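Remarks on the structure that follows.
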Amino acid sequence: MQQENEEFAVLKFRDKEVNLPVIVGTEGEIAVDIQKLRSRTGLITYDPGYGNTGSCKSTITFINGEEGILRYRGYDIRELAEKASFTEVMYLIVFGKLPKESELKEFEHDLKENAMIHEDMKKFFEGFPANAHPMAVLSSMITALSTFHPIPDDPSHFRQDIINLLAKVKTIAAYSYKKSIGQPYIYPDPNLDYVGDFLNMMFKKSPNDPYKVNPVIEKALNKLLILHAEHEQNCSASTVRMVGSSKGNLYSAISAGVSALWGPLHGGANQAVIEMLEQIHADGDNIEKYVEMAKDPNSDFRLMGFGHRVYKNFDPRALILKQAADDILNELGLQDPLLDLAKRLEEVALNDEYFIKRRLYPNVDFYSGIIYRALGIPKEMFTVMFALGRLPGWIAQWKEMREDPDFRIHRPRQIYIGETERPFVPISQR
Ligand code: ACO
């Protein structure tokens with residue numbers, strides 16, 4: 001699919017001049033291939049935060065941050081969010097094509113068959129303190145999962161590892177919630193679809209509780225998980241690739257991805273947004289005060305859920321979620337003062353010169369927390385929900401990397417700016 005290209009870029013430095021090949025993506029993005037730069041010139045590149053570095057070639061996700069385009073395997077996110085189920089999107093992302101009916105049936109069957117975790121794993125949950133953050137539990141339990149399953153480093157085993165993770169992480173996520181509120185664990189129910197089963201494991205209070213999954217909530221959660229399912233080389237996906245590049249197993253790479261997602265500058269922002277809105281609400285809805293704080297270079301405060309490394313006009317997921325938040329609250333007959341507050345905050349920020357100049361817009365996390373609240377999901381679980389959605393994306397990134405003919409262990413270079421060589425000073429003379 002990648003175009004052959006005869007063009008090249010010229011780099012001139014001191015007495016050296018080199019032609020560097022260029023790679024053109026299917027959507028026209030051009031990259032200078034610097035793989036031979038150091039061996040030919042002695043130079044390396046410097047790009048803190050990797051904002052300008054293409055770390056791989058990928059066929060999974062296309063983003064155009066200027067125009068607010070997001071596509072999984074060529075399909076527009078708006079269409080997928082409207083028309084597909086989360087399991088269909090999982091299949092699409094991981095295996096590269098929309099499943100036929102029989103393929104989807106087999107895939108969903110495999111997910112149900114593998115949804116139980118080993119009974120002994122329940123003992124691990126018991127060891128965590130009740131107030132443990134569910135992201136810490138999730139990441140630990142995914143690593144623990146690897147001890148219950150053989151993990152030969154053999155591509156013929158990849159499918160089973162992938163199914164294990166897709167099937168069991170939702171059980172682990174629900175159990176981590178049950179553990180935190182002291183309710184009994186509810187086993188996966190093969191009569192329910194993936195998302196319905198997750199809700200059942202979360203909200204059924206006991207095996208005898210006649211809880212029934214609300215179809216409005218199930219549909220809304222399907223949409224949220226689809227919107228979070230993949231987002232190319234972000235912090236957590238790059239972490240998954242980095243860990244996986246040592247040929248460590250899939251479980252350890254995904255566990256590392258969960259840890260990377262947890263931080264407030266990444267997936268942890270969804271919890272941080274709600275906490276920020278609660279704080280502003282408790283402070284008399286004084287939006288201007290918080291906008292001023294976010295603009296103050298002497299304050300660490302940022303408007304959570306605002307800004308994105310790639311989207312510089314709008315995040316298409318945020319637009320879908322803003323509308324979805326209204327629809328879902330209406331359908332459930334709920335009112336949430338935080339939704340009104342979020343909309344007013346968005347309006348103030350979008351009309352403020354500081355945010356306009358820096359092209360800061362609401363991102364996916366700005367409205368997702370309000371929807372999770374409406375679905376009855378507590379804020380400590382928000383980032384776990386993100387992880388559940390992002391799981392197929394991480395897996396696809398790992399699989400693509402392992403199947404890439406250019407596969408190499410990831411190992412960036414650095415520019416050393418420390419002391420040059422100096423003699424050791426004995427402790428008595430320091
Ligand atoms: N509030 C106030 N100012 C901001 C914000 C914000 N949310 N985001 C960026 N800025 C400012 C920075 O202070 C900086 O200003 P300066 O040029 O005067 O120094 C400028 O905008 C550029 O910001 P960077 O931090 O360089 O942008 P970067 O691309 O590195 O960071 C990020 C992107 C981490 C998303 C950032 O916008 C942020 O911290 N947002 C809040 C946290 C958040 O919502 N994270 C979720 C991201 S989406 C996701 O991971 C799912």
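Note that ligands are numbered from 1 as they come in the structure, with each ligand's atoms numbered from 1 the same way. All figures in this text were calculated on a predicted structure; none of them were measured in a lab.
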With [X] as the cation and [Y] as the aromatic partner, state whether NZ or CZ is under 6.0 Å from the six-membered ring centre and within 45° of the axis.
X	Y	result
Arg402	Phe158	no
Lys379	Tyr372	no
Arg302	Phe306	no

Exercise for the section: Please name all residues satisfying ring pair (Phe, Tyr, Trp, His ring centres under 6.0 Å) with Phe198, sequence neighbours left out, ordered by chain then number. Expected result: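 With neighbours one apart ignored, the set is empty.
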Handout entry: Partners passing ring pair (Phe, Tyr, Trp, His ring centres under 6.0 Å) against Phe125 (at least two apart in sequence or in another chain)
Key =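 Ring pair (Phe, Tyr, Trp, His ring centres under 6.0 Å) check on Phe125 returns Tyr175, Tyr185.
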Tell me which donor-acceptor pairs under 3.5 Å the side chains of residues 390-398 have, and how far apart each pair is, sequence neighbours excluded?
from	atom 1	to	atom 2	distance (Å)
Arg390	NE	His228	O	2.6
Arg390	NH2	His228	O	3.3
Trp394	NE1	Ser236	OG	2.9
Gln397	OE1	Gln233	NE2	2.9
Gln397	OE1	Arg241	NE	2.9
Gln397	OE1	Arg241	NH2	2.8
Gln397	NE2	Glu230	OE2	2.7

Practice task
Mind jotting down which protein residues get a heavy-atom contact under 4.0 Å with ligand 1? Chain and number order, please.
Solution key: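 Heavy-atom contacts below 4.0 Å: Pro264, Leu265, His266, Ala269, Ala294, Arg302, Leu303, Met304, Gly305, Phe306, Gly307, His308, Arg309, Tyr354, Arg358, Leu360, Asn363, Val364, Asp365, Phe386.
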